[in-house]
Protein chains: 2
Amino acid sequence: MGLMTGTHPHPDEEAGARSTAYRRIREDIVGGVLAPGWWVREGALAEQLGVSRTPVREALNALAAEGLVEIVRHRGARVLPWTMRDVDEVYSIRAVLEGEGARLAAIRASDEEVQGLWESAERFEQAARELVDLRARGRGGDAAARGAVDAVTEANGVLHRAVLTAAGSPRLTVLLRSLSSEARIGQVFHHYTDADLTRSMVGHHDIVLGIERHDAPLAESAMRSHILAARHAAARSASDAPAPSTRGTAQIDRDRAREGWGRGQGVP
Amino acid sequence: MGLMTGTHPHPDEEAGARSTAYRRIREDIVGGVLAPGWWVREGALAEQLGVSRTPVREALNALAAEGLVEIVRHRGARVLPWTMRDVDEVYSIRAVLEGEGARLAAIRASDEEVQGLWESAERFEQAARELVDLRARGRGGDAAARGAVDAVTEANGVLHRAVLTAAGSPRLTVLLRSLSSEARIGQVFHHYTDADLTRSMVGHHDIVLGIERHDAPLAESAMRSHILAARHAAARSASDAPAPSTRGTAQIDRDRAREGWGRGQGVP
DNA sequence: GGACGACAGGTCGCATGCAATCATGGGACT
DNA sequence: AGTCCCATGATTGCATGCGACCTGTCGTCC
């Protein structure tokens with residue numbers, strides 16, 4: 001019944017050279033191909049992507065708005081570092097924003113939405129158990145483990161997004177997306193212990209329970225605790241350097257800036 | 001000692017054609033020159049501003065990221081409506097975000113910052129008293145009242161920004177700025193009753209007190225209450241339609257879309 | 001030897017041009 | 001009369017070109 005404001009077509013789900021460039025550059029940043037401190041040249045990227053500088057430019061502006069790169073006038077875009085302090089900051093903000101989302105969801109969620117939340121929680125639990133089993137069997141080697149972790153990550157994202165949808169507050173969704181949290185800490189479940197996974201399962205259960213019972217304070221505090229608890233595991237994952245993968249875009253390596261990390265950070 | 005991430009040069013404080021266009025378009029939107037539902041033509045704006053379409057385009061992208069306009073591929077940018085529901089949503093989010101900011105400020109604020117906060121609160125109080133006096137004398141007619149309200153608005157903004165600065169979380173600042181809250185509800189103090197102003201003064205006092213005492217829960221809840229209390233006055237101010245002012249940019253009026261409001265809102 | 005100033009290289013910011021796409025209006029057909 | 005289709009006009013999306021600005025280097029002077 002509520003009137004919806006217009007849809008918000010994120011570059012993630014759009015066509016066109018700009019969105020393509022946006023996705024590709026973001027992948028390269030979170031994947032470690034473009035390490036923090038490096039300068040991103042419009043021209044080089046445009047050539048690599050087979051497009052002109054214009055869409056690349058607009059993509060970089062979008063990434064700058066999300067805090068992934070920093071644009072210096074007449075110099076270009078530089079990949080920003082991602083420290084443990086950033087992880088802490090993002091998780092603190094996620095805690096309050098998603099907490100508010102859970103609170104609203106507890107107030108406004110329909111029965112169908114609650115049903116969907118239970119299913120999402122169930123799917124997360126399945127994926128988590130599968131990962132635990134895989135580890136227990138010692139086969140946590142490569143592809144299988146990676147796939148299982150991806151499944152957990154996906155199920156987790158689905159659940160959290162479903163809560164936000166049930167909250168009915170598009171701005172919350174937009175703000176959380178612009179935190180680039182999902183993008184940069186997508187690998188966090190690699191560092192989850194079995195205990196962490198169990199904790200997540202219980203947390204999700206409490207959250208959905210609070211929403212089902214329309215108990216706003218319970219839903220909010222459960223979500224807050226859930227995210228704050230996840231912060232520690234995330235901090236662990238922040239310490240492993242994003243390996244300069246060998247995948248594609250090798251040409252950029254030549255453009256590696258001589259001045260990295262040290263300079264340009266403490267500019268007042 | 002804490003390493004600072006790069007500065008975040010918002011278009012507000014930058015030079016160049018893009019930032020100029022950004023500021024101008026935003027002013028026209030919040031000032032009512034560009035009413036919700038209207039299509040904003042790149043070409044027309046570029047001609048008016050005396051620049052090319054490129055910087056106008058980038059400015060519109062930035063405004064879309066802040067939720068002021070909506071960009072439809074191959075059709076252009078349309079000014080989004082601003083309903084009472086939006087006000088509610090923005091204030092709810094502000095409550096939790098600025099509450100978190102106050103909490104962090106209570107933990108991390110230095111003595112100098114606390115001193116600055118007291119001064120800001122004092123300045124707000126002065127401005128508020130001046131406005132009350134002006135109204136009591138019945139001279140709340142035009143220019144004087146407008147100036148007094150502007151002073152209150154400015155002092156309020158200074159205080160809230162100072163809290164965020166003391167919080168030491170640049171992302172909080174960025175997120176709040178991208179809410180376009182300051183931009184669109186800058187006129188809110190016009191609708192403040194004397195009681196509202198008094199309440200604000202007290203609220204500010206409690207917030208700063210909580211920060212000074214390093215009482216994080218107090219600071220957080222004081223800030224939350226302060227903003228949630230302000231929501232009602234803000235809702236009042238949302239109801240007055242932004243009058244299609246006569247100021248400048250008259251040419252745009254011809255481009256007024258035949259299709260406004262109704263269509264394109266409920267797209268799933 | 002160190003510091004200052006001019007020069008060169010390179011990149012960005014903006015202007016302009018062209019093609020793809022969408023909305024609109026008229027006409028033909030049912 | 002109503003509906004479908006196509007042609008037309010307008011607008012965006014992207015490509016390209018040029019000038020402005022910054023950085024780094026070299027030469028000169030103190």
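In what follows, every chain begins at residue 1, and chains take the letters A, B, ... in the order their sequences are listed. The model shown is predicted, which means the values in this text are computed figures rather than measured ones.
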**Flag for B:Glu27-B:Tyr22: side-chain donor and acceptor within less than 3.5 Å** = no
**Message:** Could you tell me how far apart A:Trp39 (CH2) and D:dG24 (C1') are, to the nearest whole angstrom?
**Reply:** 14 Å
**Request:** Please report the shortest heavy-atom distance between B:Val69 and B:Val79, naming the atom on each side.
**Result:** CG1-CA, 4.2 Å
**Asked** Can you find a side-chain donor-acceptor pair between B:Thr153 and B:Asn156 that sits under 3.5 Å?
**Response** no
**Prompt:** Is the shortest side-chain N/O distance from A:Arg73 to OP1 or OP2 of D:dC22 below 4.0 Å?
**Reply:** no
**Asked** Tell me: CD of B:Glu47 to C1' of C:dA15, nearest whole Å?
**Response** 14 Å
**Fill in**
From the candidates D:dG13, D:dT16, C:dA23, the one with an atom nearest any side-chain atom of A:Ser52 is D:dT16
**Request:** Rounded off to whole Å, could you give me the CG-to-P distance for the B:Leu45 and D:dT12 pair?
**Result:** 10 Å
**Asked** Taking CZ from A:Arg57 and C1' from D:dG13, how many angstroms apart are they, rounded to a whole number?
**Response** 15 Å
**Asked** Expressed in angstrom and rounded to an integer, what is the separation of B:Arg18 atom CZ from C:dC14 atom C1'?
**Response** 10 Å
**Request:** Tell me what A:Val40 touches on the nucleic acid: a base, only sugar-phosphate, or nothing, going by heavy atoms under 4.0 Å.
**Result:** sugar-phosphate
**Prompt:** Roughly, in whole Å, what's the span from CD in B:Glu42 to P in D:dA10?
**Reply:** 17 Å
**Item:** Side-chain donor-acceptor pair present, A:Ser169, B:Glu89, cut-off under 3.5 Å
**Value:** yes
**Item:** Rounded distance (Å) that lies between atom C1' of D:dT11 and atom CD1 of B:Ile71
**Value:** 13 Å
**Message:** Using salt bridge (charged side-chain N to carboxylate O under 4.0 Å, His left out), reason through A:Arg24 and A:Asp28 one step at a time and then give a plain yes or no.
**Reply:** CA-CA 6 Å; A:Arg24 175 67 178 278; A:Asp28 281 355; 3.7 Å; yes
**Prompt:** Is there a donor and acceptor pair, one atom on the side chain of A:Arg75 and one on the base of C:dG10, closer than 3.5 Å?
**Reply:** no
**Fill in**
Comparing A:Gly50 with B:Gly76, nearest DNA chain D nucleotide closer to 5' gives the residue B:Gly76
**Prompt:** If only side-chain N and O atoms of B:Arg41 are considered, is one of them under 4.0 Å from the OP1 or OP2 phosphate oxygen of D:dA10?
**Reply:** no
**Message:** Let's see if you can work this out: which of C:dC22, C:dC14, C:dT11 has an atom nearest to the side-chain heavy atoms of B:Pro55?
**Reply:** C:dC14
**Request:** Let me know the distance between CZ of A:Arg53 and P of C:dC14, rounded to the nearest Å.
**Result:** 11 Å
**Prompt:** Out of D:dT16, C:dG13, C:dC22, which has the shortest distance to the side chain of B:His74?
**Reply:** C:dC22
